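Computed from a predicted model, the values in this text were never measured in an experiment. Both counts, for ligands and for their atoms, begin at 1 and track the order of listing.
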Amino acid sequence: MTQIAMVRTIKEIREIVQEWKGQKHRVALLPTMGALHEGHLSLVRLVQTCADKVIVSIFVNPRQFGPDEDWARYPHTLEADYQKCAEIGTDLVYCPDIAEMYGPQAATTVSVSGISQDLCGASRPGHFDGVATVVAKLLNQVQPHVAIFGEKDYQQLSVIKQMVGDLDIPVEVLSGPIQRDEHGLALSSRNSYLSAKELTTASQLNKILFDMARQLSYKPVAQCLENGQHRLQEAGFERIEYLTLRDAVSLQPVDQISGSARLLAAVHLGSTRLIDNVPVN
Ligand code: AMP
């Protein structure tokens with residue numbers, strides 16, 4: 001069994017990264033909440049192509065979960081995650097606990113206005129403040145040359161790019177495409193909450209989005225969005241939180257396609273919330 005370092009303190013991670021930098025290594029960080037799947041591993045592989053040392057952080061960040069959300073039931077699978085990281089050639093797993101991350105009196109929140117407010121931000125108030133705060137802290141703690149995020153959480157990626165630019169954080173932000181299962185369902189740690197019947201419904205989401213993306217090349221945006229809403233309802237999604245076409249960079253609503261756009265959706269199935277997005281060019 002391959003062994004790699006597992007580090008739990010800021011002091012230790014800083015020492016190791018300093019040493020690597022002294023040896024002229026290019027250091028990458030993939031922030032995760034654990035319960036690792038092929039989506040996460042694809043980002044490790046991608047970033048391995050442009051970094052000498054890859055760190056995966058695992059921290060189920062309580063600050064990005066609302067009071068009624070699933071922090072307590074979020075899967076904790078540290079041993080299995082460690083094995084996956086070791087097998088794929090990650091150099092180090094960084095897993096600070098809550099006390100190490102926030103201490104007894106952390107009072108600072110990083111809030112990215114505008115881009116954090118609507119879409120997922122509208123139904124999950126404070127969520128992106130929690131994400132921005134923990135990512136800013138992880139980037140400060142680890143000080144990598146490059147950090148990688150998935151397009152699965154497209155709005156999160158936009159928020160992080162904005163934050164890194166605004167705060168002059170010296171890190172290159174990379175992103176990787178969404179990894180899907182054999183039915184096209186975007187891989188997510190939360191898919192484990194779905195029953196067999198819900199899984200069948202869930203895998204309609206990507207099909208509807210990809211159909212819509214194709215139709216957008218010859219049908220008006222409003223008509224496509226309306227058809228998409230009907231199809232999602234017919235497929236059995238219980239609540240459609242949003243289905244919207246946005247500019248791929250600003251995330252502003254798009255009612256006519258000119259540049260690069262993104263179709264984004266959030267839907268509910270039972271007690272599970274699913275998000276997905278597809279490019280529209
Ligand atoms: P999480 O552990 O859910 O916080 O995700 C950690 C990182 O993995 C985030 O940047 C996610 O966007 C990314 N990620 C999660 N699922 C996927 C997926 N199916 N494909 C690509 N990236 C993903």
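Judged by distance alone, the side chains of Asp118 and Tyr242 never bring a donor and an acceptor atom under 3.5 Å apart. A donor atom on one side chain and an acceptor atom on the other are found under 3.5 Å apart for Arg246 and Thr244. Side-chain N/O atoms of Gln215 and Asp211 include no donor and acceptor closer than 3.5 Å. Counted by atom type alone, Tyr102 and Asn61 present one or more donor-acceptor pairs between their side chains at under 3.5 Å.
Residues that satisfy the side-chain contact (heavy atoms from CB on, under 4.5 Å) test with Ala202, not counting sequence neighbours, are Leu185, Leu194, Leu269, Leu274.
In terms of hydrophobic clustering, with Ile, Leu, Val, Met, Phe, Trp and Tyr side chains grouped at heavy-atom distances under 4.5 Å, Val135 and Val44 are assigned to different clusters.
Annotation: ligand 1 has protein neighbours Pro31, Thr32, Met33, His37, Gly39, His40, Leu43, Tyr74, Phe149, Gly150, Lys152, Asp153, Gln156, Pro177, Ile178, Gln179, Leu187, each with a heavy atom less than 4.0 angstrom from the ligand.
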